[in-house]
S.K.: 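One structure, as structure tokens, below. Some questions next.
Throughout, protein chains are lettered first and strands after them, A, B, ... in sequence-line order, and every chain is numbered starting at 1. Note: hydrogens, waters and symmetry copies are ignored here, and every other heavy atom, side chains too, is used.
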Protein chains: 2
Amino acid sequence: MPITLRDVATRAGVSPSAVSRTFTDGASVSEKMRRKVEKAARDLGYSPNALASAMTTGRTKLIGLVSNNFQNPIFLQVFDLLTRKLQDCGLRPLLLNLTGETDAKTAVRMLQQYSVDGAIVASSTLPPEFSKSFRDAGVPVVNSFGRFSTSPEVHVVGVDNSECGRMAARTLVERDYKTVAFLGGPEAATSTQDRFRGFFQELAKHPHVAHSHSFAAAYSFDAGRAEMQRLIAAGDMADAYFCGDDVLSIGALSAVADAGLNVPQDLGIIGFNDMEMARWENINLTTISQPIDQILQSSVDLMVSMLDDPDRSPEVRLFPCKLIERGTLRPLS
Amino acid sequence: MPITLRDVATRAGVSPSAVSRTFTDGASVSEKMRRKVEKAARDLGYSPNALASAMTTGRTKLIGLVSNNFQNPIFLQVFDLLTRKLQDCGLRPLLLNLTGETDAKTAVRMLQQYSVDGAIVASSTLPPEFSKSFRDAGVPVVNSFGRFSTSPEVHVVGVDNSECGRMAARTLVERDYKTVAFLGGPEAATSTQDRFRGFFQELAKHPHVAHSHSFAAAYSFDAGRAEMQRLIAAGDMADAYFCGDDVLSIGALSAVADAGLNVPQDLGIIGFNDMEMARWENINLTTISQPIDQILQSSVDLMVSMLDDPDRSPEVRLFPCKLIERGTLRPLS
DNA sequence: TTTAATTTTGCAACCGGTTGCAAAATTTTC
DNA sequence: GAAAATTTTGCAACCGGTTGCAAAATTAAA
């Protein structure tokens, strides 16, 4: 059924190699030959088979897109941008959904079977070792939104989460909140741990500010709401909360509203991610944003450069986060 | 670098065919041989190359996942479920992001180059002809969330959008709203058109109920809010609105709240999709839900059955929608 | 115009598997 | 225990391209 290179060769009355060469750039083909072949190809509706070509060249132009964050709304944007950017480079994303599955070995094998040229691990919760398994298996990898190290073993692109924690703490202290708290997402996530560390590191500089912390069960509205309800019921409320995620914040806000507390006077909330919903007038959440587009562009750029030079030494690219001032924090006095 | 079948054959001291056979089920291999080969494979860490295998078998186990809906939060769930379900069947999703691009020819070619075994077009906005191009090119296709026809040319799984429109109209009339309106998403989407048709078809049975309609520029909070603001400013408000999507509804709700109107007494709103946010206590949107999980399971089932029998005649599978009663519509009197 | 240098083309082997066919090995039947 | 029936194995060709190498064709130099 499908047209092969040999079909084209026959119709054009040339050798298969000639056809192959007209479709690989950089190959030696005369103008006359190229025209002849292109005509035949057009007539027949031929387009080269990427898989067969991959057999000899060893490059599939397939990039594994690995993630376990299919619950977080921000990731729809991540997938959108990432797939578009990859497509723009002539690369095709092969999706691997690792929800509820963290075995790196399996993940690597699943991608290796398809000879992917590389893999982008987009996750703020998978540990660095996860990405390392890809590198160890010889699969070029970049970890987007991952935890960085000063002596990285794989490319990492993202933000400095502990700096984000410090930024949140600094902001709350500036706004004159006297007791502040960290309301994190799932404790196992590296991003949670890093922000936690940064947050309390900064607070240590302000001994007059009381602090506490707790963790929500998931990055979800319900988990945020439940945890805030628990805190309210327990009666040991802080003045201000740094939440691990906007959805969490919004859940917390809803519990706070139910309790009749006044935001931002009685209680401040600062979120993380600046997702779509944070901008909604009826939510209007003050939050910290990470430059998603830049992170992903940089990830793809790194990926592309690794395809040329697989032994490129691992690099860390961090982008600054930004405070997005809205209505859930007291203004600077 | 990577271990080939011949490496395994050499180490096990058997022929390549033997190795191939132990890895293809249904092939004739003795117990003794199988054990020998499996041991060698394990020792070497061999796993068969899906692409090479595809060359002779003609099956890649790659399924194109085509969509242009990377803005709608509901699609994160769609991607999550679809990829998991495909993976569970041993299939791998090759993502194709068609945002701002509707040329079916290109899309087909992009997938054909990778010899996908089939394609799932997940979109409520692409026209049936789009999916048809795949079928015409010999690529088994199922259109999830698509517009159905009584004499379908491709498999379609989804809901009867015009029935959804009727359901919305029926509900609003029941609740005793006297002037009702359709606040649709982008007019070009088939789902918008179908719901529009159903909505007014039902209203035609109730001549005492006044009606009107308009369309938002996008499926977004801002578009919904802007359109509702425009309506409020124009001063010709209806009693109740059927919005094309929950995000749109939420935007509209925010405009309504700003205007000091009382929901659900002065004004009723009914959304569509029952997304996560509709459940949030501070939104509490009455909406119509489509059974996403069933739709996708059915899509994958159809896909799998087509792989066995590519000439299976096209089928339409429609699932019922359900009214999710929350707080933005007057109760039944 | 002849010869040397350069470019274009085709041949054939290969990438990593699969599979039809016949030979070899095993099991069944008598 | 020999012959027939059945199962297992290996050989070799093939899937749809690519590529090193040498022959053929073209261009440049003499």
S.K.: Can you check the A/Y46 OH to D/dG16 P distance for me, whole Å?
M.R.: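 Checked: the OH to P distance equals 10 Å.
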S.K.: Counting only heavy atoms not in B/D25, do more than 12 sit closer than 6.0 Å to its CG atom?
M.R.: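 No, the 6.0 Å shell around CG holds no more than 12 heavy atoms from other groups.
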S.K.: Side chain of B/S30, heavy atoms from C-beta onward: which of D/dC11, D/dT8, C/dG16 has the nearest atom to it?
M.R.: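 So the side chain of B/S30 is nearest to D/dT8.
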S.K.: Given D/dT26, C/dT18, C/dT8, identify the nucleotide with an atom nearest to the side chain of B/T56.
M.R.: C/dT18
S.K.: Of the nucleotides C/dA12, D/dT8, C/dC14, which has the atom closest to the B/S28 side chain?
M.R.: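 The answer is D/dT8.
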S.K.: Starting at the 5' end of DNA chain D, which residue's closest nucleotide do you reach first, B/A52 or A/S17?
M.R.: B/A52
S.K.: Closest nucleotide of DNA chain C for A/V14 versus for A/R6: which of these residues is on the 5' side?
M.R.: A/V14
S.K.: Please report, rounded to the nearest Å, how far the C1' atom of D/dT7 is from the NZ atom of B/K32.
M.R.: 13 Å
S.K.: Base, sugar-phosphate alone, or nothing: which one does B/V19 contact when heavy atoms must sit under 4.0 Å apart?
M.R.: nothing
S.K.: At less than 4.0 Å, is any side-chain N or O atom of B/T4 found next to OP1 or OP2 of C/dG16? Yes or no.
M.R.: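 No, outside the criterion.
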S.K.: Specify the separation, in whole Å, of atom CG of A/L5 and atom P of D/dC14.
M.R.: 17 Å
S.K.: Would you say A/S15 reaches C/dG10's phosphate, i.e. side-chain N/O to OP1/OP2 under 4.0 Å?
M.R.: yes
S.K.: At under 4.0 Å between heavy atoms, what does A/S20 touch on the DNA or RNA strands: base, sugar-phosphate, or nothing?
M.R.: base
S.K.: Ignoring hydrogens and angles, state whether a donor on the side chain of B/S123 or B/N68 is under 3.5 Å from an acceptor on the partner side chain.
M.R.: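 Result is yes, a qualifying pair exists.
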S.K.: Under 4.0 Å, counting only non-hydrogen atoms across every strand here, what does B/T57 touch: a base, just sugar-phosphate, or nothing?
M.R.: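 Result for B/T57 = sugar-phosphate.
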S.K.: Could you state the CG-P distance from A/L51 to D/dC14, rounded to the nearest angstrom?
M.R.: 21 Å
S.K.: Which donor-acceptor pairs under 3.5 Å do the side chains of residues 85-98 of chain B make with protein atoms, sequence neighbours left out?
M.R.:
unit_1: B/K85; atom_1: NZ; unit_2: B/D293; atom_2: OD1; d: 3.3
unit_1: B/K85; atom_1: NZ; unit_2: B/Q297; atom_2: OE1; d: 2.7
unit_1: B/Q87; atom_1: OE1; unit_2: A/N97; atom_2: N; d: 2.7
unit_1: B/Q87; atom_1: NE2; unit_2: A/N97; atom_2: O; d: 3.1
unit_1: B/N97; atom_1: OD1; unit_2: B/T99; atom_2: N; d: 3.0
unit_1: B/N97; atom_1: OD1; unit_2: B/T99; atom_2: OG1; d: 2.5
unit_1: B/N97; atom_1: ND2; unit_2: A/D80; atom_2: O; d: 3.2
unit_1: B/N97; atom_1: ND2; unit_2: A/D80; atom_2: OD1; d: 2.7
unit_1: B/N97; atom_1: ND2; unit_2: A/T83; atom_2: OG1; d: 2.9

S.K.: Ion pair present between A/D7 and A/R11, side-chain N to carboxylate O less than 4.0 angstrom?
M.R.: no
S.K.: Can we say A/R35 and A/E31 salt-bridge, meaning some charged N sits less than 4.0 Å from an Asp/Glu carboxylate O?
M.R.: yes
S.K.: Is a donor-acceptor pair below 3.5 Å formed from side chain B/R21 to base C/dG17, judging by atom type as modelled?
M.R.: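 By the distance-only test, no, there is no pair.
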S.K.: Measure from CZ on B/R59 to C1' on C/dT18 and round the result to the nearest Å.
M.R.: 14 Å
S.K.: Find the distance A/D7:CG to D/dG17:C1' and express it as a whole number of Å.
M.R.: 12 Å
S.K.: Quickly work out the B/K61 NZ to C/dG17 P distance and round it to whole Å.
M.R.: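 Value for this atom pair: 16 Å.
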S.K.: Using whole Å, what does the distance between atom P of nucleotide C/dG16 and atom CZ of B/F23 come to?
M.R.: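 Nearest whole value for this atom pair: 16 Å.
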